[in-house]
Amino acid sequence: MNSAHQPWPKGADIPADDAYLIGTTWRAFLDATTTVGRNIGPWIAATPRLARREIMARRYPLSAYLVRAGREVRPSVIYSHGTESSTRSAFGYHVGMTMAEWACRLMGLGPTTHAESAIPQGAAPGWAKTPSLPDLFGTHPAASELWLVEAKGSRRLGLRPRIKGAKQLDVGALVPVPHQKVLCGTSLERRLFMMIDVEAYRRLETPVAAPVTAPVAAPVTALTKKRWSRTTRRSWNSLGRAC
């Protein structure tokens, strides 16, 4: 990730393939973990005390297991040496979902919804009965286009989980309308960073499965220069930094 030096392009929804060094704030992480997959407003109105405690339950793991080291975000010593494997796995899911929400906000996506809780507009009736759905979906306001989002996160995110995530996004006839497939991988090895792959599905095209075939640590160019005949795929690495 030492190659990441480009700032996030201003005004770009889905930027060009590259390795980006992204400045952000701790508040942006906390907001993302609060809103990912649901609208908290009705719950605050209905059960304010419980809703606020649930917000705290989402935010406190980030404060316990991530620390700012200069302008970098790194796993804390408690996460690295003071927790058992099951806790680290649970936090991997939590930080993966949080960072997927954070990244999709950077790209202009509107509110997200858990895919297991609702059916996206344009999806076939079989959606609700399908196992291994993507984690999230939302609508991008710029083009009113559906986005399907799969989040993966772990201490050291390898190739296998990302391949699985790509397969989960390949929903085929379940979503025949044009949509974007967004795979967000978050790793905590040494410091917090993300690997993001975007693939566009168009109405008159047959989707082509495009699992990641390069090692996680490979340069971005190894992931991005190939073009598929019937889909448009973009991928890049982004290194999160907190100001």
Side-chain angles (χ1 to χ4, degrees), residues 13-15 17 32 36-37 92-140 143-154 157-187 194-216 218 220 222-224 226-238:
D13 292 333
I14 301 176
D17 304 336
V36 58
Y93 170 82
H94 184 68
V95 74
M97 294 288 283
T98 296
M99 296 309 297
E101 176 85 352
W102 174 83
C104 287
R105 284 185 178 188
L106 283 180
M107 294 184 282
L109 186 64
T112 58
T113 302
H114 285 291
E116 62 188 20
S117 303
I119 301 176
Q121 186 175 2
W127 176 273
K129 299 180 181 180
T130 302
S132 297
L133 289 169
D135 287 312
L136 305 165
F137 68 85
T139 301
H140 199 290
S144 298
E145 186 175 48
L146 175 66
W147 283 28
L148 303 180
V149 182
E150 176 62 24
K152 297 295 183 186
S154 69
L157 189 67
L159 181 61
R160 186 173 299 176
R162 297 178 66 200
I163 292 176
K164 181 181 178 181
K167 291 180 179 179
Q168 287 175 259
L169 286 167
D170 188 19
V171 295
L174 279 177
V175 184
V177 299
H179 59 271
Q180 295 283 350
K181 297 187 286 185
V182 184
L183 175 61
C184 297
T186 301
S187 182
M194 295 187 70
M195 296 154 285
I196 303 172
D197 298 89
V198 178
E199 182 179 271
Y201 171 86
R202 294 295 175 237
R203 184 185 302 272
L204 298 179
E205 298 170 347
T206 302
V208 177
V212 178
T213 56
V216 172
V220 175
L223 296 173
T224 61
K226 183 176 180 180
R227 288 290 179 264
W228 284 262
S229 60
R230 296 183 179 179
T231 56
T232 301
R233 175 186 174 85
R234 292 180 178 178
S235 61
W236 63 91
N237 295 339
S238 62

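These numbers come from the heavy atoms of this one structure, side chains and all, not from hydrogens, waters or symmetry mates.
Looking only at distances, a side-chain donor or acceptor of Trp127 sits under 3.5 Å from a matching main-chain atom of Ala118. A side-chain donor-acceptor contact under 3.5 Å links Asp135 to the backbone of Ala151. Using a distance-only test at 3.5 Å, with no hydrogens or angles considered, no donor-acceptor pair links the side chain of Gln180 to the main chain of Trp147. A donor-acceptor pair under 3.5 Å is absent between the side-chain atoms of Trp102 and the main chain of Met97, judged by distance alone.
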After noting the C-alpha distance and the side-chain angles of Arg162 and Asp197, does the key distance pass the salt bridge (charged side-chain N to carboxylate O under 4.0 Å, His left out) rule?
-> CA-CA 10 Å; Arg162 297 178 66 200; Asp197 298 89; 2.9 Å; yes
Before giving the answer on side-chain contact (heavy atoms from CB on, under 4.5 Å), spell out for Leu148 and Val175 the whole-Å C-alpha distance, their side-chain angles and the decisive distance to 0.1 Å.
-> CA-CA 10 Å; Leu148 303 180; Val175 184; 4.3 Å; yes
For His94 and Met99, what are the C-alpha separation, side-chain angles and deciding distance, and is it a side-chain contact (heavy atoms from CB on, under 4.5 Å)?
-> CA-CA 9 Å; His94 184 68; Met99 296 309 297; over 6 Å; no
Apply side-chain contact (heavy atoms from CB on, under 4.5 Å) to Leu136 and Thr113, showing your working.
-> CA-CA 5 Å; Leu136 305 165; Thr113 302; over 6 Å; no
Quick one: do Cys184 and Met194 satisfy side-chain contact (heavy atoms from CB on, under 4.5 Å)? Show the steps, please.
-> CA-CA 7 Å; Cys184 297; Met194 295 187 70; 3.8 Å; yes
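Looking at heavy atoms from C-beta onward, Glu199 lies out of side-chain contact with Leu169 at the 4.5 angstrom threshold.
Between the CD atom of Glu145 and the OH atom of Tyr201 there is a distance of 12.0 Å, given to the nearest 0.5 Å. Taken to the nearest 0.5 Å, the CE atom of Met195 stands 12.5 Å off from the NZ atom of Lys152. Here Arg160 contributes atom CZ and Lys164 contributes atom NZ; the two are 11.0 Å apart, rounded to the nearest 0.5 Å.
The minimum heavy-atom distance linking Ala166 with Leu183 is given by the pair N-CD2, 4.1 Å. The shortest non-hydrogen separation linking Ala115 to Leu133 is O-CD1, 4.0 Å. Closest non-hydrogen pair, Leu157 versus Thr186, comes out as CD2-N, 3.6 Å. Cys104 and Val149 get closest at one heavy-atom pair: SG-CG2, 3.8 Å. Taking every heavy atom of both residues into account, Ile119 and Ala123 meet most closely at CG2-CB, 3.8 Å. The two residues Ile196 and Ala103 come nearest to each other via the heavy atoms CD1-CB, 3.8 Å.
Between Leu146 and the options Gln121, His179, Lys181, a side chain to side chain contact (heavy atoms under 4.5 Å, CB included) holds for only His179.
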